[in-house]
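Please read the structure below before turning to the comments.
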There are 2 protein chains.
Amino acid sequence: MLQQYDFQEPHLVAIDNVVFGYEQGQLKLLLFQRTIEPSKGDWSLVGGWVNPDESVEDAAYRVLTSLTGLSDLFMEQVEVFSKPDRDPGGRVISVVFYALINIQEHNHQLVDHYGAKWWPVNDLPPLIFDHGKMAEVALEKLRMKASRDLVGRDLLPAEFTLTQLRNLYNCIFMKEFDPGNFRKKILSLNALRRLDKKDTSESKKGAYYYTFKNIETDQFTERIINF
Amino acid sequence: MLQQYDFQEPHLVAIDNVVFGYEQGQLKLLLFQRTIEPSKGDWSLVGGWVNPDESVEDAAYRVLTSLTGLSDLFMEQVEVFSKPDRDPGGRVISVVFYALINIQEHNHQLVDHYGAKWWPVNDLPPLIFDHGKMAEVALEKLRMKASRDLVGRDLLPAEFTLTQLRNLYNCIFMKEFDPGNFRKKILSLNALRRLDKKDTSESKKGAYYYTFKNIETDQFTERIINF
DNA sequence: TCAAAAGTGTTTTTTATACACCCATGC
DNA sequence: GCATGGGTGTATAAAAAACACTTTTGA
């Protein structure tokens, strides 16, 4: 079926990144404000073009590392958005990715320089084109991921408390997990190491800090969260 | 970020369909044999180009309906494959879909005319390019789907037995489900209607035929199969 | 009559959920 | 001393898994 390469109409192909971060107990998205019409003032995801010599993964990674100054980002493909009229500026096929990044560790100057801003996922501004839908589908995908693997390594500081991790999961699934049951479930996965330090900023008693074990134990075959 | 549309290098964009069918108790894939070098004799998925005025979904649907003579196909996006060197014939970005079709109902003459053939998923011939990986990922996606919704409406005949449905699930998950437990689980979903007819071809006693209820009860919020 | 699939029921195990209760400590 | 989040334990409910057993009938 795939013949006559030369006579085919080529397409503009872009990537859009749904960039998740976690800050002040909130799950957030990194957005850019549009400075030109149409949709001036509306916000957009972190996008870019796909070059001829790179895969869409490469493109998504390139765009995001150059923006945040981070390497070793966790990214995953979400879906292709390709309605012919989705972008008023022309026919552009966009491959959407989501990324999990540590807000504390990324390059704030760089992000500020581009006029980007972090927005709480449950209080997003109007987004251009189909970017709202993209963010929605990406969050669904993140839920899938978090229900099978323990996410947090890329979102939380290296040392975190179980309450912080639970709050992250609360945000992702938009529900309150029972503190005792969550603790039992997570610790039973044997993927965290308890440190001999305590965080006393959130409670009088203080909560133990944990880290992810170095081994790739965040890949589980069984489900960890039902939803 | 998405500026200067005019100066961007466009890409050839194709779709590839991983077409699942179910026949003689086996989960099968519809494949084409390549008649030209390179990789002559190897088999490929059902692919096609994306036209300027259509979405990738439209393209995938168009290619598959024109091949099988069927409409109302169930299709779902799998993933984009875009390594620059994935296709020796040139730089082609391919969006993969999987489809579930009823082998009995499709147009055999049409499929035969194109030299297509159904292959058991666990005994596939060598596939061209990255099509083997595509099939693999598509099966994973189908498992995801089948673990949340009751698949079978598009794969089985309109009237089927619970043993047939169980065997389909056995094929998809490549494990043996317990007959009693599977029956209980499926019937508890309340998505099937038992007919007053029996299929006596597979057993002496005969098994009741079932149909899917007309209402869209094959969308469940909870999980039906754990894996 | 007996092998084999269909169908039902029961037991056991596992997992999830709800929630009681003690701990530590800054205020 | 008490309110607050941290942490542990327990009782209950629900779900999954294992499996016993009965039915039916063609060969």
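Per chain, numbering begins at 1; letters A, B, ... match sequence-line order. Predicted model only: the values in this text are computed from it and were never measured.
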Which pairs of donor and acceptor atoms, one on a side chain in residues 118-130 of chain A, lie under 3.5 Å apart (sequence neighbours left out)?
from	atom 1	to	atom 2	distance (Å)
A:D130	OD1	A:R86	NE	3.4
A:D130	OD1	A:R86	NH2	3.1
A:D130	OD2	A:R86	NE	2.6

Just how far, in rounded Å, is P of C:dG7 from CG of B:L187? 9 Å
In this structure, how many angstroms lie between the C1' atom of D:dG7 and the CD atom of A:Q164, rounded? 16 Å
Does B:K141 make a cation-pi contact with B:Y98 (under 6.0 Å, within 45 degrees of the axis)? no
Test of understanding: with side-chain hydrogen bond (donor to acceptor under 3.5 Å, both in side chains), list the residues that count as partners of A:S55, not counting sequence neighbours. A:D58
Counterpart residues, ring-ring contact (aromatic ring centres under 6.0 Å, His included), relative to A:F182 (two or more places apart): A:Y169, A:F177
For A:T163, report the nucleic acid contact type (base, sugar-phosphate, nothing); a contact means any heavy atom under 4.0 Å. sugar-phosphate
Round to a whole Å and report the spacing from NZ of A:K185 to P of C:dA18. 15 Å
Interatomic distance where CG belongs to B:N167 and P belongs to C:dA5 [whole Å]: 12 Å
Grab the CD-C1' distance between A:E202 and D:dG6 for me, whole Å please. 12 Å
In whole angstroms, the gap separating P of C:dA5 from CD of B:E176 amounts to 11 Å
Taking side-chain hydrogen bond (donor to acceptor under 3.5 Å, both in side chains) as the test, write out the residues that go with B:N102, two or more places apart. none
Specify the separation, in whole Å, of atom CD1 of A:I186 and atom C1' of C:dT15. 14 Å
For nucleotides 19-27 of chain C, just jot down a letter per nucleotide in 5' to 3' order: B, S or -, based on protein non-hydrogen atoms under 4.0 Å. B---BBBS-
The criterion is side-chain hydrogen bond (donor to acceptor under 3.5 Å, both in side chains); which residues satisfy it with B:Q109, sequence neighbours excluded? none
Could you give the CZ-to-C1' distance, from A:R183 to D:dG9, as a whole number of Å? 13 Å
